[in-house]
Amino acid sequence: MREILYAEALVEGLRELLEADERVHLMGQYFLGLTSHRELMADVRDSFPGRVYYPPIAELGYVGAAIGAAIAGLRPIVDIATASFIFQAFPQIVNEAANIHYMTGGQTKVPMIFHFNHGIRGGGAAQHSHSPQAMLWNTPGLEIMAPSSPYDVKGLLKTAAESDNPTAFVDHTRLFDVIGPVPEDDYMIPFGQADIKRGGKDITLLASSFMVQLALSAAETLAEQGIDAEVVDPRTLVPLDEDTILESVAKTHYLVIVDECHRRCGVGAEFAALVVEKAFSDLRAPIVRVSTEDVPVPFSQTLERYIEPTEDKVVQAVLRVLS
Amino acid sequence: MREILYAEALVEGLRELLEADERVHLMGQYFLGLTSHRELMADVRDSFPGRVYYPPIAELGYVGAAIGAAIAGLRPIVDIATASFIFQAFPQIVNEAANIHYMTGGQTKVPMIFHFNHGIRGGGAAQHSHSPQAMLWNTPGLEIMAPSSPYDVKGLLKTAAESDNPTAFVDHTRLFDVIGPVPEDDYMIPFGQADIKRGGKDITLLASSFMVQLALSAAETLAEQGIDAEVVDPRTLVPLDEDTILESVAKTHYLVIVDECHRRCGVGAEFAALVVEKAFSDLRAPIVRVSTEDVPVPFSQTLERYIEPTEDKVVQAVLRVLS
Amino acid sequence: MLPTLSTKVLLGLLEKALAIRRFEEMLVKLAGKIDVGHFHVYVGQEITGVAALDLLETGDLCFTTHRNHGHLLARGADPALMLAEILGKSTGYCGGRGGTLHLASAQLGFPATSAAVGGCTPLATGAAFGMDRLGSDRVSVCLFGDGALEEGSYHESINIAALEKLPLIFLCENNSLEALGQKAGEYPSSTLAVVRLTDLVAPFGVPAITIDGCDGKAVRDGMTEAIDRARSGEGPTFIEARTVRWPGNRPLWPALVTGETNLSMAWDETVIPEEFREWHTTQDGVLRFVREMIDEGHATPETVIALDELVQDQMRTAENFALESPYPEPETALDLVFAKSGSVP
Amino acid sequence: MLPTLSTKVLLGLLEKALAIRRFEEMLVKLAGKIDVGHFHVYVGQEITGVAALDLLETGDLCFTTHRNHGHLLARGADPALMLAEILGKSTGYCGGRGGTLHLASAQLGFPATSAAVGGCTPLATGAAFGMDRLGSDRVSVCLFGDGALEEGSYHESINIAALEKLPLIFLCENNSLEALGQKAGEYPSSTLAVVRLTDLVAPFGVPAITIDGCDGKAVRDGMTEAIDRARSGEGPTFIEARTVRWPGNRPLWPALVTGETNLSMAWDETVIPEEFREWHTTQDGVLRFVREMIDEGHATPETVIALDELVQDQMRTAENFALESPYPEPETALDLVFAKSGSVP
Ligand SMILES: Cc1ncc(C[n+]2csc(CCOP(=O)(O)OP(=O)(O)O)c2C)c(N)n1
Ligand SMILES: Cc1ncc(C[n+]2csc(CCOP(=O)(O)OP(=O)(O)O)c2C)c(N)n1
Ligand SMILES: [Mg+2]
Ligand SMILES: [Mg+2]
């Protein structure tokens, strides 16, 4: 199978969606952030005149407009660029989009996707480095995809576009250069199906988004030390494939969670709470979370490095858990 | 000691703060929501002319203004009324207030309190029933108090007002009628000191805000069945008194968490994750969370009741854990 | 003035205005007997909603607020299903999930009702965006109070609507005319620093008018022009419809301080109670509409009374229906979080 | 035109303008050699910042944005500590925690710098609110780009400022005059449906003027009036200072497309390269200021060159200092989340 970059797979997915359905429109254009790949988006814009909207700097207004447009029958894919700007749109995402289907008794659907690049990108400092997926997961009514590979990003995006629900597309600029196999033929990845990114028997590493890549390299290092780690990637947080996670823990009996959210009430907290509630008797040791330290993200590279999850921290955590 | 209502203790605290320090100003006035106690606030307004500001319906603007005012030397206590309106102010709370001290390298302080009434108040429906404290706990840089009794609300408020950090005052209208002892003399409750609201040896019930009251009544019911539950109230989430929580679990070996947040990534998730990480070997059974079901809050009373934590659900959870 | 319409059509409008008035009165009375919770009523604004929304066609969408009852009734909602929703019954428009704050009927063109002040502006703007991009000739109507102009979402929305020339009507119901600032010739609402609300709109190049919200003709004319402009691709319009807040709306919880409306106040000034004389004589749009109907020969006191009885009957039926309807089954609370679709198994 | 000031004071202003220009040039050059990350430079806007902020006194507070370098330097920031911060060094103004986006110096009156567009408006408004309530005669200055007017926070802030007559100056630096908007594929640009930015302000009853941001006198006069108004309790003022975006700011990452500024372009037109002739002749505020200084006899080419060399020396010192400064100790990343106070043990 051909191998392409994550950024290419993402843009290919967007293109195919735009081609397949006239109702698909892009609102906002910084899908690829300020990375060197951003030219790919310029091409999309040129290929689909009138289908790519350039909003004002008004995240509340234009994300809300995407929700309204979805209600009226459009299938918008709206880009919030840096995840930190999603807070401006929280009243519309958390208090409107997530609630509308439910509070209308199922009358109204909100088929839209909102995309953002989360997490530490290097030098983003406190106001450009958020990982808001835990907050979104605490908001029932949103589907959440958090891909970690070229194959997943395209396949999940296709599924998200068919969904009649508002879907958060949790993305990460540090994934854009990841290379991997992507079929030429069309395919979709169902939501709610975790993927075992690496089979293993000694310990489970549970991670999503860019943290999967970190977990995979940690697993390689651990392999050299004779530890066979299984890397489980839920791929979507909502719906969540609990079974695959619980089965992996039932097999390995040990769990380390790798999560880029701040620790308190992060995605990792939910993973831990889930497992201790539903697989307590399988566990042979504490569940350890490798997360971003509970401090605002500092600018300086030495500080940033100290507070973010790293391969080394994952390795150390595993050794601690298994000792 | 005299016994007064929670609502009275809260207002007494506000009054004493206004009296003691000219820099204390109230911004917004719905501290007591639409409850019958709201006249108490009208009196405060009359007693301190020029010290109570009536903002426009502009939560982003006026909460942000409170942050700016704090930077300039005021000690604002800003009221957001219903917690759901906090999302409008998220860009200023999450991305400004929480970060400023850190990202200025400690140069600037943001001594302000923001108050809101969270949770299910009965018929608030999806857009007026949020419990955003988990999202705020996922935001390093905010102190968080979540009182559950007349004594605590006044004592914690006094401490919050002395803090040089932005502090979330997580409040609940269903607490206003709770009656309890409050000293006439001035007192403060340090942040980061949990309170054992009821001693017990068989199981720990960990709860905050209004859920403490629920846990206490559940404990009474359980007592009738011969189960001696300990109710631990952290009182502040940031800083968190981990020791008291872990000691209680070390003693009882069983833990049920009562939390009004939606389950996924709620405050309860963090409690569970913390305990399984730091007190795994003390646990003899799964940690069970009694939380609000992961659905938008419905309007109808039968539906609302079904999804919210109730005394009965707590009792059932305890029986399940102990069986 | 009355809109220039046939007697039959005018009677239809009157019937809707009466339906709103009687619905709200029924609700306030009911709230005195059983716990209905907090709600907001449309008394005093009936003519705005009825005259404006009568012009809409199927497929045109409305996005309204906490004060939505009158809007739905103006587009033909069934008071029984409305009241059932307000009481949280399974037979209500939203199956009891929404309640008074979120009354919605997709079929009637109310796909989502936000009770967050300023929540509806981006939604309505977006619906217009969608219609525009889909090449439809439908229009989107944003119904909101003067208070929503204080939220930044208004500012962001009108900018988008203006730049994209969206088929959108901002219908701002300014019911704050008795506010202190306004009385002093200053602010039209308690907390907005602009002297005329339409001044806020002008910079965006969006046509904006101020009308008397109790004047059926003014409302209809303004709305006709706005809809024409929207349908022909000329972009959004802003209408400020002014009414004076019903005295029963001044307390935090609505109260029937003016009693149940006695329609004979329309033709017999002597029955108007002293205390609220000014409001009923000059600011009560329903009475004024009735008076104009009679003056211009479209109705007689008798026909009006007959129509009102019909309406009141309907309300009694609605009330019985709603009270007798069952609450939803508790376990169904877990349903409908997500629309079933490809991605959710 | 030049502000009416003594030669000495004018030379002081020029020195600051040169400091900004040379600082930003140094930074852009440095970014060609080492990884500095993304940053925004103030080239082309120097005269606005220098002439406006020179009028402030100790205790007056400024709230600025991602494009803050020039503002801090205009109030006397040390370029060494600035560059150290931009490089993430422990010696920087914020100990390396803030970086270019959040340069702050409480001592110089920059207590918190927000890189969220529209982040500074509520903060600056609130600081003015605080000063007002504390009875201080200090003023608050909100420095922001035209893009921030698209955010709802602006709308909410100006309303509060107007209603409360706060001691606040909105200094909007509109550097988007040539922008075709994002449609042209450019990154930051004005996407606002209003023709004149000041039209947005008028409805709030806030005095608003538009000035040429490269005209030292216009900036100083406008700001003088605004500060007077603020200090005497008459409320906020809005100033739109217009500049044309420096060609080096048009790419996503700043680039020295115009080369390092050759000050002799101010007195010798022939050395101006053809490609950017128009910008340097009419839109380069620093060159214009120099030209006016010479024309009016406040300086000679020689004194200007001498001053510039002094400034360039300072920048070299700053660069060495910053490059040689250590990075913060990793473990210190966990400090300073909270101010130590009663409530945190
Ligand atoms: C974001 C938000 N803030 C505050 C409220 C509380 N609230 C409910 S109604 C209301 C007043 C609204 O005034 P207006 O928009 O003029 O509508 P009216 O009730 O006068 O029709 C307020 C402040 C809310 N629902 N949402
Ligand atoms: C809330 C938010 N949305 C988007 C951005 C990304 N962003 C950074 S600078 C910029 C353009 C700002 O334009 P303007 O305010 O005119 O300032 P200029 O850069 O032109 O000086 C944008 C959109 C941001 N930083 N914050
Ligand atoms: Mg109103
Ligand atoms: Mg600009």
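We name chains A, B, ... by the order of the sequence lines, and we start the count at 1 in each one. What you see is a predicted model, and the numbers here were worked out from it, not measured in a lab.
- If you measure heavy-atom distances from C:Asp132 to chain A, you find no contacts under 4.5 Å at all.
- Heavy atoms from other residues, nucleotides or ligands lying under 6.0 Å from CD of C:Glu234 number more than 12.
- Of the listed residues C:Gly99, C:Gly95, C:Ser157, C:Gly119, the one with more heavy-atom pairs under 4.5 angstrom with chain A than any other is C:Gly119.
- For residues 13-28 of chain A, heavy-atom neighbours of chain C at less than 4.5 Å comprise A:Arg23, A:His25, A:Met27, sorted by residue number.
- Rounded to the nearest 0.5 Å, atoms CZ (C:Arg133) and OH (A:Tyr53) are 7.5 Å apart.
- Within a 6.0 Å radius of NZ in A:Lys158, other residues, nucleotides and ligands contribute more than 12 heavy atoms.
- Of the inter-residue distances, the one linking A:Asn95 atom CG with C:Ser114 atom OG reads 6.5 Å to the nearest 0.5 angstrom.
- When all heavy atoms are compared, the tightest approach of A:Thr108 to C:Pro111 is OG1-O, 2.5 Å.
- In this structure the side chain of C:Phe338 never reaches within 4.5 angstrom of the side chain of A:Asp164, judged on heavy atoms.
- Considering all non-hydrogen atoms of both residues, A:Met103 and C:Thr113 come closest at CE-O, 3.6 Å.
- Residue A:Asp46 qualifies as enclosed at atom CG: its count of foreign heavy atoms under 6.0 Å is above 12.
- For C:Phe63, the part lying under 4.5 angstrom from a heavy atom of chain A is the side chain only.
- In terms of modelled atom types and a separation under 3.5 Å, the side chain of A:Glu96 and the main chain of C:Leu123 share no donor-acceptor contact.
- Closest of all the heavy-atom pairs between C:Ala127 and A:Ala72 is O-CB, 3.6 Å.
- Of all heavy-atom pairs spanning C:Ala112 and A:Thr104, the tightest one is CA-CG2, 4.4 Å.
- Judged by distance alone, with hydrogens and angles left aside, the side-chain atoms of A:Asn165 form a donor-acceptor pair with the main-chain N or O of C:Ala339 at under 3.5 Å.
- Your options are A:Leu142, A:Thr236, A:Ile67, and the one with the most heavy-atom pairs under 4.5 Å with chain C is A:Leu142.
- Heavy-atom distances place both the backbone and the side chain of A:Leu60 under 4.5 Å from chain C.
- The shortest side-chain heavy-atom distance between A:Pro56 and C:Ile160 falls under the 4.5 Å cut-off.
- Nearest heavy-atom pair across A:Tyr102 and C:Arg97 is O-CD, 2.8 Å.
- The parts of C:Ser105 that come within reach of chain A are both its backbone and its side chain, each placing non-hydrogen atoms under 4.5 angstrom from that chain.
- No donor-acceptor distance shorter than 3.5 angstrom exists from the side chain of A:Tyr62 to the backbone of C:Pro122, with no hydrogens or angles considered.
- Between A:Pro140 and C:Val337, the shortest heavy-atom distance links the atoms C-CG1, 4.4 Å.
- In this structure, chain C has no heavy atom under 4.5 Å from any part of A:Val110.
- C:Leu336 CG to A:Gln107 CD: the interatomic distance, rounded to the nearest 0.5 Å, is 10.5 Å.
- Contact annotation for A:Glu59: only backbone heavy atoms (N, CA, C, O) come within less than 4.5 Å of a heavy atom of chain C.
- Top candidate by heavy-atom pairs under 4.5 Å with chain C, chosen from A:Ala69, A:Gly64, A:Gly61, is A:Ala69.
- Rounded to the nearest 0.5 Å, atoms CD1 (A:Ile71) and OG (C:Ser140) are 9.5 Å apart.
- The distance from atom CG of A:Leu74 to atom CE of C:Met131, rounded to the nearest 0.5 Å, is 11.5 Å.
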